[in-house]
Amino acid sequence: MADFTYTLLIPLIPFFTFLLLGLAGHKMKPIMAGLIGTSGLGASAILAYSAAISYFWTGHSAGTPYTSIKAFEIPWLHLTDKLTIHLGVLIDPISVMMLVVITTVSLMVHIYSIGYMKGDTGFSRFFSFLSLFSFSMLGLVLATNIFQMYIFWELVGVSSFLLIGYYYYEKPSAVAASKKAFIVTRFADLGFLIGILMLSFNTGTFDFQTLTDPHGPAIAQAGGAAFMGLSLLTWSLIFIFVGGAGKSAMFPFHIWLPDAMEGPTPVSALIHAATMVVAGVYLVARLFPVFALGAPDALYVVAWIGGFSSLFAAVIACTQTDIKRVLAFSTMSQIGYMMLALGVSGYGGEEGLGFMASNFHLFTHAMFKALLFLGAGAVIHAVHSNEIGDMGNLRKFLPVTHITFLIACLTIAGIPPFSGFFSKDEILVAAFHSNKLLFAIEYLVAGLTAFYMFRLYYGIFWGKNTHYHHTPHEAPKVMTIPLMILAFGSVFAGFLPFHDLVTSDGKGFESAIDWFVAIPSVLIGVVGIVIATILYKKESAMPDRIAGSLKYLHRWAHRKFYIDEVYLFVTRKIIFRYISVPIAWFDRHIVDGTMNGIAGMTVYAAYAVKGLQSGKLHQYAFVFVSGAVILVLIFVYLV
Amino acid sequence: MNFSDILTMRHELMLTLLALVILIIDLNLHNRNKHLIISITLGLFFIHTLVGFLPAENSTLFGGMYRTNPLLVMMKNILNVGVLIVLLQSVTWLKKEENREKISEYFILLFSTLIGMYFMISSGDFLMFYLGLELATIPIAALAAYTHHQTKSAEAGIKLLLISALSSGILLFGLSLIYGSTGSIYFDTITQLYKNTPMQVLAFIFFFTGMGFKISLVPFHLWTADVYEGAPINVTSYLSVISKGAAAFILIIVMFTVFNTIAPVYNNILYLISVLTMTIGNLFALRQKNMKRFLAFSSIAQAGFILLGIIGGNIMGMTSVIYFVLVYIFSNLGAFGVVSAISTVTGKDSMDDYDGLYATNPKLSLLMMLALFSLAGIPPVAGFFGKFFLFASAASAGYYWLVFIAVLNATISLYYYLLVVKAMFINKSEEPLAYFKSDLATRTGLVLSGLGIFILGFWSQIYELINSLSFGIIH
Amino acid sequence: MLNEVMFYLFALVILVFSVMTVITRRILRAAVYLLFVLVSTAGLYFMLSYNFLAAVQLTVYAGGIVVLVIFSILLTSHLSERAAMASMKESLLSALATVAGAALTLMTILRYGFTPNQGADPHYTITDVGTALVSYKRDGYALPFEVVSILLLAAMIGAIVVAKKERTLKK
Amino acid sequence: MIQNIPLSYFLTISTLMFFLGIYGFLTRRNLITMLMSVELILNSVNINFVAFNKYLYPQQLQGHFFILIIIAVAAAEAAVAIAIIINIYRNFKSIDVENVDEMKY
Amino acid sequence: MSILNLFIIIPILTVGAILLTRDLKHSRLVSAIGMGVQMILSFVLVYLYLTERAAGNTATMLFTYDALWFPTLNIHYALGVDGISVAMIALTGIVVFAGIFASWKMTHLPREFFISLIILASGVFGFFISIDLFTMFLFYELAVIPMYLLIGIWGSGPKEYSAMKLTLMLMAGSALLLVGLLGIYFFSSPDPHALTFNLMEISKVRIPIHMQRFLFPFTFVGFGILGALFPFHTWSPDGHASAPTAVSMLHAGVLMKLGGYGAFRVAIFLMPEAAHEQAWIFLILTAISVVYGAFSAIVQTDLKYINAYSSVSHCGLVLFAVLMMNQTAMNGAIVQMISHGLMTALFFALIGMIYGRTHTRLINEMGGLMKVIPFLGVVYVIAGLASLGLPGFSGFVAEMIIFIGAFQHVDVFHRVITIVAASSIVITAVYILRVVGILLMGPIKNDHFLHLDDAKWYERISTISLVLAITAIGLAPYWLTNMIDYSLAPIVEKLAAIQLTSLF
């Protein structure tokens with residue numbers, strides 16, 4: 001077994017670039033900062049690739065299962081006799097895969113950002129935050145235990161917050177969006193925390209290896225209904241999943257994701273498409289044996305939440321006009337796919353197809369979704385707007401962007417031989433074998449996906465001949481090269497032998513394309529594309545008519561089914577107005593009022609007894625004598 | 001009776017002599033040189049104070065009417081030190097034109113009350129006790145009425161005298177019943193014969209009433225504020241510090257040596273009176289604007305605290321009361337010293353006049369603050385220790401709720417003490433009292449009390465000394 | 001028998017004139033009634049054969065204090081003047097307090113079984129009294145006797161201080 | 001002699017006199033009459049002392065001498081009181097206690 | 001002579017030296033040197049402590065110094081530290097040091113200001129190094145009283161009212177406390193002639209249970225008032241709002257910790273049976289504190305009020321954890337004290353600096369400050385993130401230890417209430433982000449703000465020293481928690497030895 005200790009450097013290099021840029025960035029030339037950040041990430045990426053190669057291939061004897069390796073671990077915080085939080089590096093198929101994904105996308109985004117953010121104030125700050133994010137995300141995937149994961153989970157959240165809001169801090173909408181993102185995910189993280197508390201209480205460990213050991217104590221203790229017919233383990237996993245759902249923008253925690261698009265586009269590409277938002281999927285995958293073996297009920301929840309979210313998001317995506325938002329909902333939809341795949345999967349061998357498919361899709365999705373976002377970024381860069389309405393017919397001006405964007409659209413639509421086809425197909429197969437209703441939903445979603453992506457594609461690159469103030473021009477090389485690299489990835493990633501590499505139990509299995517499922521899915525994708533072509537390739541009034549005929553559905557979908565409003569109602573009205581304001585009032589007037597009241601009473605009493613001191617000698621004498629008599633009465637006769 | 005007996009009575013004899021010497025000198029001095037009396041008296045009294053510290057032994061004279069022991073001598077010494085400070089603080093005031101002709105009388109009256117207190121402390125029977133009580137009261141009434149041109153002064157005098165007459169009447173009635181039931185006026189006999197019968201409880205209550213007047217316990221306290229306000233400031237400080245301190249000493253002696261057989265009864269009485277005194281004293285102090293009245297009511301509340309030590313009924317209580325009184329003397333004299341310095345120089349004694357005092361007279365303000373903190377029982381000044389030991393002694397007897405009430409009252413008292421601090425340090429004033437420099441004597445007096453406030457707490461030997469002496473008294 | 005009659009007479013005089021003293025509105029008369037009370041008390045002392053005491057009572061109290069009081073009354077009030085009294089409410093309250101006090105006290109005192117005298121009742125001559133007064137042994141009263149003199153001196157000086165006119169102020 | 005008169009008679013007289021004195025002190029508004037009430041009180045105490053001494057403890061003269069001292073003190077007290085009262089009269093032009101309330105509250 | 005005496009001597013010397021100075025420049029220099037030495041001393045103490053432990057010294061208290069003070073009452077001037085107090089001392093050293101620099105420009109009566117501040121600090125130091133209840137109480141009151149002057153003279157807004165309220169409420173707390181302490185004293189030994197105030201001695205004795213039942217509420221609430229226990233916390237918002245910067249820092253930063261520390265060191269340690277019996281009442285109160293404080297903070301508009309309520313919430317968590325009475329939770333409580341001390345001091349320092357520039361503390365009147373005062377803005381964000389429990393900062397460590405520790409409790413009540421308390425992390429995020437969003441981000445609302453200067457060097461010293469401490473704990477909590485753990489062990493053993501009788 002190879003020594004993987006050096007993988008520790010993969011997160012640490014970005015951390016040091018973060019410190020360097022954070023502390024000294026404002027004194028550097030911007031380009032310098034960009035180069036430092038990028039080269040740091042480049043180094044990480046190289047390490048990640050070499051780790052991947054040595055883990056999957058060179059250092060691995062074929063035919064044996066992949067095992068998880070603790071490459072490094074130090075105690076960080078001692079809690080109880082049993083529980084100690086460690087920080088370490090865990091190398092196993094999914095973490096290595098994630099390393100590759102994260103470093104790749106992040107490197108691309110870094111490179112791209114040098115062009116995209118050029119001339120922007122706070123350039124170096126941006127790069128330091130990017131480094132911070134990369135560090136956190138890498139730390140998250142390498143976590144050896146659930147608590148380390150939680151730590152980096154939070155850090156990822158805050159980096160996202162910083163990148164959304166702190167960068168564009170003068171833009172109120174960005175600030176609001178960042179706040180929303182943070183608070184909503186934080187709320188979900190509370191679930192995560194409670195889940196961790198319950199899990200660690202029941203199992204006495206944080207460690208993933210112990211937890212996920214199919215013969216280990218955690219799974220062995222699973223049984224027994226504790227509350228509402230579900231076992232404690234199930235409950236804790238459901239709570240943990242709440243955290244995952246928050247980060248991964250699953251319904252009903254998805255509301256922050258569209259708003260997060262206020263952030264710079266590279267950020268959206270990196271965080272809100274390719275890496276951070278899949279953390280929830282990664283979390284479930286990480287604990288998959290526990291889910292699958294210990295708490296199938298929890299997995300069922302995962303499947304349904306995933307399935308519903310994918311449909312829900314796809315419907316909304318069809319109606320959005322902000323290109324980044326369309327992509328955001330698409331992301332949500334795709335992550336729903338992944339969740340669903342996990343949810344329908346079993347443990348071990350062929351049973352674990354869903355698990356494999358989910359990770360596979362995660363991998364391919366990272367490529368093409370990053371590509372889409374970066375492409376969208378190039379478009380926005382060219383036209384200075386996010387609205388489809390402001391675009392059209394850009395294919396002449398932005399040829400490279402156009403081609404790469406088209407590749408990405410085809411990939412996501414699941415058209416063979418692009419990578420999306422392979423991963424999505426596996427998911428559909430897994431769903432087909434598990435739950436037909438979910439399978440049907442996913443079919444529908446596949447069609448919708450193709451439709452809205454091509455609606456977007458046509459809206460940007462075809463459609464009406466928009467008049468532009470400045471002639472849009474293609475992005476600089478530094479931006480287009482990442483596009484091309486990612487396009488390359490999107491095209492060919494599908495051929496990776498995932499079923500050998502990333503499986504639920506480490507053992508590879510045979511998996512072939514199930515044409516019975518694949519052909520209809522490709523067809524439905526094509527149908528979606530065709531409809532989109534008809535409606536949007538040329539400017540026409542048809543879309544509006546259709547929208548009009550679907551009156552309520554369209555309006556509801558356009559308004560994202562009013563989930564935001566519900567949240568607003570809960571936070572503004574109920575929490576703010578009906579909880580916080582009364583509590584603050586109560587505190588000032590009742591609690592504090594009581595304290596002041598006691599003081600006031602004392603002073604009042606002081607004035608009330610004033611008359612006793614009348615200045616009149618005979619009254620003094622009267623009190624004197626009565627006092628004596630009363631004392632006699634009490635102590636001689638009453639006591 | 002031989003010479004050594006004279007040494008035993010040195011406090012009383014020397015002070016009597018001192019008073020006579022002053023009288024004689026005064027008769028032979030020309031009117032212009034009357035102020036010389038001040039320095040002579042101060043010098044002599046200083047010597048008297050020093051001599052008081054000579055070692056003393058247990059001894060009984062006059063067939064038990066006079067007794068002395070190191071603890072009693074220590075009490076007298078404590079009073080002496082207090083009086084010395086009072087005298088130092090009165091110098092400026094005595095030198096005023098209007099008081100010129102009455103300087104020696106001031107001293108003689110003051111000293112005769114002090115002699116009365118000595119006798120009370122040393123008394124071994126109720127006759128000497130009563131005599132001492134009257135000797136300690138009647139001349140003070142004259143002192144309270146000392147300033148002629150102020151109606152308030154005369155009013156203070158008559159209020160003090162008449163209430164004192166009433167109270168000593170009631171006290172005497174009690175004494176007569178005590179005599180009737182035990183057949184003796186000697187403490188040593190009474191304590192053996194005193195029992196918990198209704199009549200004797202009644203007698204005790206009548207007796208206690210008189211003591212309550214002296215220490216100004218509620219409801220026998222109403223004279224206090226008026227007399228304190230009306231009397232000349234230095235007399236007030238004497239009344240509130242020395243007179244009350246002596247009364248506390250005597251009360252504790254009497255309670256512990258005479259009435260200890262009915263302790264279960266008097267503890268209940270003390271409990272009630274103590275709660276009343278602290279609370280009422282505080283309530284009245286709360287809204288006072290006149291500094292003298294303010295200090296009067298605060299000293300009433302302090303008297304309530306003193307009872308906490310007595311209620312313990314043990315050596316710890318005794319020690320803590322004496323220690324508390326010692327601390328109280330210094331703290332209260334610190335406060336009175338400042339009020340006196342200000343009122344003598346500027347004639348102002350309202351709390352509003354103190355606004356912004358720190359800006360003009362920082363040292364006075366600081367001393368005042370320390371003194372008030374000491375009265376409130378705030379560390380690190382001595383009052384904290386005094387209060388703590390008092391509360392501890394009450395707690396040692398199991399009176400936790402009483403301690404709680406007392407500490408709450410201490411908190412209330414902190415409120416009004418802080419009001420003065422606020423006036424001096426925080427409030428802004430258009431016309432703060434102008435800067436002035438006190439004369440040497442006043443400053444010495446202030447410094448002495450300041451030192452006492454600071455040192456007494458940390459200097460545990462003092463507490464230990466008192467404790468070792470108290471030990472002898474009870475057992 | 002005579003003793004008994006004398007006692008009741010004195011008792012009657014004491015009580016009646018005590019009441020008169022506190023309720024009459026004429027101050028001078030009050031002083032005179034007080035004198036009667038004091039004299040009757042002296043009579044009681046005689047009856048109990050404390051002759052020296054009775055003599056002191058007559059000279060100091062009746063002769064000294066009452067005269068002083070009368071002088072001061074003459075100095076401060078007009079003879080025709082009626083003294084102000086407490087209002088009805090105040091009087092009632094005071095009466096309530098005092099009656100209650102008297103009732104409680106009497107009840108307590110009278111219920112108490114005073115130990116009756118077992119020994120002989122020695123007869124004291126004025127010499128015995130004089131000896132005791134200057135004796136410094138147990139049951140000797142030399143010390144109080146001396147201290148009273150200090151008290152009287154102090155009271156004298158006090159009275160002078162209070163009452164004397166101030167030259168300085170008159171200027 | 002006194003065999004036929006019980007001690008309690010003396011005690012009753014003195015107690016009544018005592019409370020009459022107190023009543024006078026409470027209801028009188030003239031400083032001098034208040035002083036006179038005090039004398040009544042002291043006198044009642046004296047009767048107590050003398051009765052106890054005679055009836056119960058005739059072996060010693062403790063009560064007897066107590067009374068002597070009380071009388072002396074009463075005289076001293078009266079002297080100072082009258083001096084102050086005269087002073088008050090000078091200041092207030094009245095010795096009515098109702099007026100002597102310059103200081104209050 | 002123990003090193004601990006220096007913690008008393010240095011402040012006295014500093015005060016003495018300040019008395020000799022004439023003006024602001026000198027007095028602040030003297031104070032900075034004095035408190036700098038004090039801070040270094042506290043680090044030295046940590047170092048010495050760790051070396052002692054490493055050398056195998058297993059005594060509960062190290063560096064003990066014991067001088068008999070009042071022999072009759074067996075009152076000692078007794079000093080000694082264990083890992084817990086060492087940690088608290090280090091906290092105090094840092095906060096006081098930062099506080100001096102935060103008040104660098106104190107122009108009104110500077111000498112008096114620094115003297116009062118140092119007296120306050122020495123009270124706190126004294127409290128932490130004492131192991132004699134009397135000395136402890138003395139220092140406790142000594143620490144409280146300068147607050148009156150500090151707020152009254154140098155405060156702002158309704159300062160007289162706030163100062164009075166704060167002082168009186170805290171003193172009322174010490175009234176309760178005094179009763180408790182005296183009760184403990186008189187039951188500190190079965191032999192009435194061997195009564196003692198020494199914590200260690202008393203801990204070996206079992207105070208009769210009926211007395212514990214009576215005394216525990218007194219002691220606990222007494223300390224709890226200073227620890228902002230609901231419903232006795234109302235001095236906190238007003239007091240903090242009116243206090244000058246350094247005073248808020250010290251008060252929230254270290255003075256309130258006296259409450260938590262005492263509640264645990266005295267109330268629970270000495271009266272474990274009653275603590276077990278009555279814990280549920282106070283757990284409910286503290287859980288209310290935690291959530292209620294956080295909710296109240298949401299709607300406040302004054303920066304200081306927000307932070308004050310946040311302190312109520314955070315300090316509530318301290319008492320909450322203490323009451324859980326297991327090693328982990330108590331450890332968390334202490335880490336939380338230190339963490340909150342640093343964070344809140346940092347917050348108050350920043351608020352003071354911002355107020356000094358904008359002359360307002362109302363968040364609605366501000367906006368976009370990040371652009372004009374980036375340094376302060378960044379530090380504010382850091383403080384905010386630390387406060388809402390972001391990993392990498394101390395707050396996270398503390399909260400996690402508390403929640404995990406508390407959740408280890410066997411009965412359901414404790415676990416449910418832990419979840420209730422844990423929910424505060426979301427509410428905290430809400431109010432912190434609300435402030436950050438309004439205050440630092442968005443457009444600049446007032447042209448006057450465009451000309452603001454960023455932090456001066458002394459302000460940087462003040463804030464950076466705090467930030468460093470916060471991150472140091474956040475990144476490497478192991479040494480701190482280990483140090484505390486070691487000293488907690490005997491305490492927890494004592495608690496565990498008691499028969500558990502729970503209401504639920």
Side-chain angles (χ1 to χ4, degrees), chain C residues 3-4 7 11 14-15 18-19 21-22 27 30-31 34 37-38 41 44-45 47-48 50 53 56-57 60-61 64-65 68-69 72-73 75-76 83-86 90-91 94-95 98 101-102 105-106 109-110 114-117 119 121-122 124 132 139 141 144 148 151-152 155 158-159 162-163, chain D residues 1-2 4-5 7-9 11-13 15-17 19-24 26-30 32-33 35-37 39-40 43 46-47 50-51 54-62 64-65 67-69 71-80 82-87 89 95-96 98:
Chain C
N3 259 330
E4 281 171 50
F7 173 77
I14 286 175
L15 289 182
S18 293
V19 174
T21 312
V22 297
I27 305 171
L34 177 65
V37 174
L38 296 176
T41 314
L44 281 185
Y45 297 165
M47 231 180 73
L48 295 174
Y50 287 146
L53 199 57
V56 172
Q57 170 90 358
V60 179
Y61 243 136
I65 299 175
L68 203 59
V69 166
S72 61
I73 291 173
L75 209 59
T76 55
M85 297 293 279
E90 286 172 319
S91 305
S94 307
T98 44
T105 314
L106 266 180
I109 295 175
L110 297 182
F114 285 103
T115 343
N117 173 30
D121 186 356
Y124 293 104
D139 288 314
Y141 300 89
V148 159
L151 173 61
L152 289 173
V162 173
Chain D
M1 260 308 276
I2 52 167
N4 298 326
I5 301 158
L7 173 65
S8 53
Y9 284 22
L11 297 182
T12 313
I13 293 171
T15 309
L16 290 178
M17 189 173 168
F19 281 99
L20 276 171
I22 285 179
Y23 178 77
L26 299 187
T27 51
R28 285 294 187 166
R29 291 293 177 267
N30 183 301
I32 294 176
T33 44
L35 187 65
M36 284 153 61
S37 306
E39 303 301 344
L40 274 183
N43 210 45
N46 290 353
I47 293 175
V50 81
K54 189 72 193 174
Y55 276 79
L56 305 180
Y57 316 105
Q59 292 83 3
Q60 278 92 36
L61 286 175
Q62 293 178 347
H64 178 273
F65 281 100
I67 299 170
L68 277 183
I69 302 295
I71 292 175
V73 170
E77 206 168 61
V80 176
I82 284 170
I84 300 176
I85 289 172
I86 288 174
N87 199 12
Y89 183 71
I95 52 167
D96 193 333
E98 298 273 3

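Labels below follow one simple rule: chain letters A, B, ... track the order of the sequence lines, proteins then strands, and each chain is numbered from 1. What's counted below: heavy atoms across the whole structure, side chains too, no hydrogens, waters or symmetry copies.
Residues Y9(D) and F7(C) have side chains in contact (heavy-atom distance under 4.5 Å, counting atoms from C-beta outward). Using a 4.5 Å heavy-atom threshold, the side chains of N46(D) and Y45(C) count as touching. Using a 4.5 Å heavy-atom cutoff, the side chains of E4(C) and I5(D) are in contact. With a 4.5 Å cut-off on side-chain heavy atoms, L34(C) and L40(D) count as touching. Between V37(C) and M17(D) the shortest side-chain heavy-atom distance falls below 4.5 Å. Side-chain atoms of T41(C) and V50(D), non-hydrogen and from C-beta on, never get closer than 4.5 Å to each other. Contact of the Y50(C) side chain with the I67(D) side chain is not registered, since no non-hydrogen atoms from C-beta on lie closer than 4.5 Å. A heavy-atom distance below 4.5 Å is not found between the side chains of Y141(C) and I69(D).
Separating the CG atom in D139(C) from the CD atom in Q60(D) is a distance of 4.5 Å, to the nearest 0.5 Å. The CG atom of N30(D) sits 7.5 Å away from atom CD1 of I73(C), with the distance rounded to the nearest 0.5 Å. Rounding to the nearest 0.5 Å gives a distance of 12.5 Å between CD of E39(D) and OG of S18(C).
A donor-acceptor pair under 3.5 Å links the side-chain atoms of Y124(C) to the main chain of P58(D), judged by distance alone.
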Legend entry - side chain to side chain contact (heavy atoms under 4.5 Å, CB included) between L20(D) and V19(C), worked out: CA-CA 7 Å; L20(D) 276 171; V19(C) 174; 3.6 Å; yes
> Between F19(D) and L106(C), does a side chain to side chain contact (heavy atoms under 4.5 Å, CB included) hold up when you go through it step by step?
Replying inline: CA-CA 10 Å; F19(D) 281 99; L106(C) 266 180; over 6 Å; no
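For Y89(D), the side-chain contact (heavy atoms from CB on, under 4.5 Å) partners at least two apart in sequence or on another chain are T76(C), I95(D). Judged as a side-chain contact (heavy atoms from CB on, under 4.5 Å), and not counting sequence neighbours, the contacts of L152(C) are V148(C), A76(D).
With chain C as partner, the option from I22(D), I86(D), T12(D) having the largest number of non-hydrogen pairs under 4.5 angstrom is T12(D). Between chain D and the residues A31(C), G158(C), G64(C), the most heavy-atom pairs under 4.5 angstrom are made by A31(C). With chain D as the partner, the residue from V56(C), L68(C), V60(C) showing the most heavy-atom pairs under 4.5 Å is L68(C). Contact count versus chain C (heavy atoms, under 4.5 Å) is highest, among M36(D), R28(D), H64(D), for R28(D).
Contacts of I82(D) with chain C are made by side-chain atoms alone, with heavy-atom separations under 4.5 Å and no backbone atom involved. If you measure heavy-atom distances from L53(C) to chain D, the contacts under 4.5 Å come from both the backbone and the side chain. Interface residue T15(D): only side-chain heavy atoms are found under 4.5 Å from chain C. In this structure, chain C has heavy atoms under 4.5 Å from both the backbone and the side chain of L68(D). With a 4.5 angstrom heavy-atom cutoff, I14(C) touches chain D only via side-chain atoms. For chain C, the nearby part of T33(D) is the side chain; its heavy atoms alone come within less than 4.5 Å. Both the backbone and the side chain of Y23(D) come within less than 4.5 Å of a heavy atom in chain C. Only the side chain of N87(D) comes within contact range of chain C, with at least one heavy atom under 4.5 Å from a heavy atom of that chain.
Smallest separation of non-hydrogen atoms from V80(D) and A155(C): CG2-O, 3.5 Å. Annotation for S8(D) and L110(C): closest pair CB-CD2, 3.6 Å, computed over non-hydrogen atoms. Listed here is the closest heavy atom pair of I32(D) and S72(C): CD1-OG, 3.6 Å. Summarising the geometry of A11(C) relative to I13(D), their closest heavy-atom pair is CB-CD1, 3.3 Å, with the distance given to 0.1 Å. Nearest heavy-atom pair across A163(C) and A83(D) is CB-CB, 4.2 Å. The two residues A74(D) and I65(C) make their nearest non-hydrogen contact at C-CD1, 3.9 Å.
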